Amino acid sequence: MNKSEFIDAIATSANLSKADAGRAVDAMVSVITDTLNKGEAVNLVGFGSFLVRDRAARTGLNPRTKETIEIAASRAPAFKPGKTLKDALN
């Protein structure tokens with residue numbers, strides 16, 4: 001499902017116009033992004049948690065030249081599904 005199909009499904013499910021559903025989805029993504037950028041987690045009870053994981057600096061290997069390279073530390077977004085979501089899939 002792509003973003004357009006997701007917006008159509010939200011509009012149908014919530015009885016909203018596609019424009020309103022699109023603005024709601026964009027707002028949700030924006031709020032989650034801004035919150036993660038601050039280093040905070042977003043917890044949606046029953047669905048899951050969006051959080052930021054810190055990756056330490058490490059040494060890697062260039063597969064083409066077999067030369068070692070230094071990979072810088074970084075922050076990566078992560079999603080941890082909630083129990084209700086896990087149970088719905090099994």
Side-chain angles (χ1 to χ4, degrees):
M1 174 180 283
N2 62 29
K3 184 176 178 180
S4 177
E5 293 168 340
F6 183 69
I7 289 171
D8 290 346
I10 295 293
T12 301
S13 178
N15 197 22
L16 297 171
S17 70
K18 288 183 184 180
D20 288 341
R23 283 191 294 274
V25 169
D26 289 340
M28 182 189 79
V29 170
S30 176
V31 168
I32 290 172
T33 302
D34 292 343
T35 304
L36 291 178
N37 201 23
K38 294 177 189 173
E40 301 172 11
V42 177
N43 299 311
L44 303 174
V45 177
F47 182 69
S49 301
F50 295 91
L51 53 114
V52 176
R53 292 201 172 123
D54 292 319
R55 292 185 179 169
R58 60 196 186 279
T59 302
L61 186 67
N62 182 333
R64 185 173 294 168
T65 63
K66 307 296 185 211
E67 176 179 315
T68 60
I69 56 173
E70 291 298 317
I71 301 171
S74 63
R75 294 172 22 162
F79 177 74
K80 182 178 175 184
K83 183 176 180 349
T84 306
L85 180 60
K86 287 181 191 177
D87 291 346
L89 299 176
N90 293 316

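What you are looking at is a predicted structure, and each value in this text was computed from that prediction instead of being measured.
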Exercise for review: Any pair with a residue in residues 54-90 that passes ring pair (Phe, Tyr, Trp, His ring centres under 6.0 Å), sequence neighbours left out, goes on the list, sorted by first then second residue, please.
Suggested key: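 Those involving residues 54-90 are F47-F79, F50-F79.
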Check your understanding: side-chain hydrogen bond (donor to acceptor under 3.5 Å, both in side chains): which pairs involve residues 69-81, sequence neighbours left out?
Key -> T59-E70
Review point. So, for L61 and I69, which heavy atoms are closest and what is the spacing to 0.1 Å?
Key: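 Residues L61 and I69, closest heavy atoms: N-CG1, 4.3 Å.
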Point to revise | Summary of salt bridge (Lys or Arg N to Asp or Glu O under 4.0 Å) pairs that have at least one residue in residues 13-23, sequence neighbours excluded | key: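 Salt bridge (Lys or Arg N to Asp or Glu O under 4.0 Å) check on residues 13-23 returns D8-K18, D20-R23.
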Separation of [Y] [atom2] from [X] [atom1] (nearest 0.5 Å):
{"X": "E5", "Y": "I10", "atom1": "CD", "atom2": "CD1", "answer": "13.0 Å"}
{"X": "E40", "Y": "L51", "atom1": "CD", "atom2": "CG", "answer": "12.5 Å"}
{"X": "M1", "Y": "I7", "atom1": "CE", "atom2": "CD1", "answer": "11.0 Å"}

All side chain to side chain donor-acceptor pair (under 3.5 Å) counterparts of [X], not counting sequence neighbours:
{"X": "N2", "result": "none"}
{"X": "S49", "result": "N43"}
{"X": "K3", "result": "D26"}

Check your understanding: Counting only heavy atoms not in N62, do more than 12 fall under 6.0 Å of its CG?
Key -> yes
Review point. Is L44 linked to M28 within one hydrophobic cluster, defined over Ile, Leu, Val, Met, Phe, Trp and Tyr using a side-chain heavy-atom separation of less than 4.5 Å?
Key: yes
Practice item. For N90 and K86, indicate whether the former's side chain and the latter's backbone hold a donor-acceptor pair under 3.5 Å. Key: yes
Review point. Going by an N to O cut-off under 4.0 Å, is there a salt bridge joining D34 and K38?
Key: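 A salt bridge is absent here (no side-chain N lies under 4.0 Å from a carboxylate O).
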